[in-house]
Protein chains: 2
Amino acid sequence: MKNRLKVLRAERDWTQADLANALQVSRQTINAIEKGKFDPSLPLAFKAARLFNLKIEEIFEDETEN
Amino acid sequence: MKNRLKVLRAERDWTQADLANALQVSRQTINAIEKGKFDPSLPLAFKAARLFNLKIEEIFEDETEN
DNA sequence: ACATTATGTAAAGATAGTTTTATATTTTTG
DNA sequence: CAAAAATATAAAACTATCTTTACATAATGT
């Protein structure tokens, strides 16, 4: 699962810790998601979408076929 | 997390088993998601959105505050 | 160059999503 | 009404997400 979190952070000059804070998850969770270690839960994806005023599809890109 | 899976199935006259099959998960997973027992993973939400040609937000509705 | 801040990584443990198998209940159909 | 199909539910096991703690490396600012 690709995502634009790093870019969205950069546009706002936010650190991973800032974003983690805004989404109320740990910094490591943000780092792991940005690095593609695992996918965010659906509720977390919704929270991120709300935070950035974007659709989930505008932040996360699914790479699985079908 | 509310969702419109039951309605979307009904519109197509699909059973839970049919949908499970289309999404390649078990029938119990569909049932549990429809009944709100747990949230689908983000990849599964993407799969459902692709299947129905809808945005994730048009199928699932997050209820958490913030 | 040094100090500070940000990012990457890892292990252990908790919680949530998913499968499999099995059974019970409800709905649909003949 | 009886049979069949669909839905609900449950337990055990497995995998994935997420937290906490801790440390290492990279980037930034003075």
Side-chain angles (χ1 to χ4, degrees):
Chain A
M1 181 93 56
K2 282 182 193 166
N3 68 75
R4 307 206 321 115
L5 293 181
K6 189 174 182 172
V7 173
L8 292 168
R9 281 197 300 107
E11 288 172 351
R12 290 156 180 79
D13 201 16
W14 288 355
T15 66
Q16 292 182 343
D18 291 334
L19 178 55
N21 208 48
L23 295 177
Q24 302 188 90
V25 294
S26 72
R27 186 179 61 76
Q28 285 78 351
T29 292
I30 298 302
N31 184 72
I33 292 169
E34 283 194 4
K35 302 291 288 183
K37 297 249 175 68
F38 54 71
D39 300 325
S41 67
L42 184 53
L44 184 49
F46 264 105
K47 257 186 157 180
R50 269 198 304 266
L51 177 63
F52 292 117
N53 275 303
L54 293 171
K55 300 267 178 214
I56 289 177
E57 286 88 348
E58 293 172 318
I59 302 179
F60 300 97
E61 182 185 358
D62 196 27
E63 287 160 305
T64 60
E65 49 283 348
N66 300 319
Chain B
M1 181 92 55
K2 284 183 190 163
N3 68 77
R4 307 203 322 115
L5 292 180
K6 189 172 182 172
V7 173
L8 293 168
R9 279 197 302 110
E11 289 173 351
R12 292 158 180 78
D13 200 17
W14 287 356
T15 66
Q16 291 182 343
D18 291 334
L19 179 54
N21 208 48
L23 296 177
Q24 303 188 87
V25 294
S26 73
R27 189 176 58 72
Q28 285 78 351
T29 293
I30 298 302
N31 185 73
I33 292 169
E34 283 193 7
K35 305 288 291 183
K37 296 248 174 70
F38 52 69
D39 301 325
S41 68
L42 185 54
L44 183 49
F46 264 105
K47 257 186 157 178
R50 267 197 308 264
L51 178 62
F52 292 117
N53 275 302
L54 293 171
K55 299 268 177 213
I56 289 177
E57 285 88 348
E58 294 172 317
I59 302 180
F60 300 97
E61 183 185 356
D62 195 27
E63 289 159 304
T64 60
E65 48 282 347
N66 301 319

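Below, all heavy atoms of this structure are taken into account, side chains as well, without hydrogens, waters or symmetry copies. Lettering of chains follows the sequences in order, A, B, ..., and the numbering in each one begins at 1.
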Q) Any side-chain N or O of B:Ser26 less than 4.0 Å from the OP1 or OP2 oxygen of C:dT19? A) yes
Q) Nearest-Å distance, NZ (A:Lys6) to P (D:dA27)? A) 10 Å
Q.
Quick check: closest heavy atoms across B:Ile59 and B:Ala49, and the distance to 0.1 Å?
A. CD1-CA, 3.6 Å
Q: Respond yes when some side-chain nitrogen or oxygen of B:Lys37 is under 4.0 Å from OP1 or OP2 of C:dG17, and no when none is.
A: no
Q.
Please classify the nucleic acid contact of A:Thr15 as base, sugar-phosphate, or nothing, using heavy-atom distances under 4.0 Å.
A. sugar-phosphate
Q. Separation of A:Arg27 atom CZ from C:dT5 atom C1', in whole Å?
A. 11 Å
**Q.** Separation of atom CD1 in A:Ile33 from atom P in C:dT7, rounded to whole Å
**A.** 15 Å
Q) In whole angstrom, what separates A:Asn21's CG from C:dA6's P? A) 12 Å
Q. Within this structure, what is the CG-to-P distance between A:Asn3 and D:dT17, rounded to whole angstrom?
A. 13 Å
**Q.** Salt bridge flag under 4.0 Å for residues B:Asp62 and A:Arg50
**A.** yes
Q: May I have the distance from A:Leu23 (atom CG) to D:dC18 (atom P), rounded to whole angstrom?
A: 11 Å
Q. Quick one: does B:Phe60's side chain get under 4.5 Å of B:Asp39's, heavy atoms only?
A. no
Q. Taking CD from B:Glu34 and P from C:dT18, how many angstroms apart are they, rounded to a whole number?
A. 14 Å
Q: Tell me which nucleotide among D:dC18, C:dA22, D:dT17 gets nearest to the side chain of A:Pro40.
A: D:dC18
Q. Looking at the side chain of A:Lys35, which of D:dA8, C:dT18, C:dT9 is the nearest nucleotide?
A. C:dT9
Q) Does A:Gln16 put a side-chain nitrogen or oxygen below 4.0 Å from OP1 or OP2 of C:dT5? A) no
Q: Could you say whether A:Phe38 or B:Gln28 is positioned toward the 5' end of DNA chain D, judged by the nucleotide with the nearest heavy atom to each?
A: B:Gln28
Q) Contact class for A:Ser41 (heavy atom, under 4.0 Å): base, sugar-phosphate, or nothing? A) sugar-phosphate
Q) Hey, is the main chain of A:Asn3 close enough, under 3.5 Å, to the side chain of A:Glu61 for a donor-acceptor pair? A) no
Q) What is the distance, rounded to the nearest whole Å, between atom CG of A:Asn31 and atom P of D:dC23? A) 18 Å
Q. About how many Å separate CG of B:Asn31 and NZ of B:Lys6, when rounded to the nearest 0.5 Å?
A. 9.5 Å
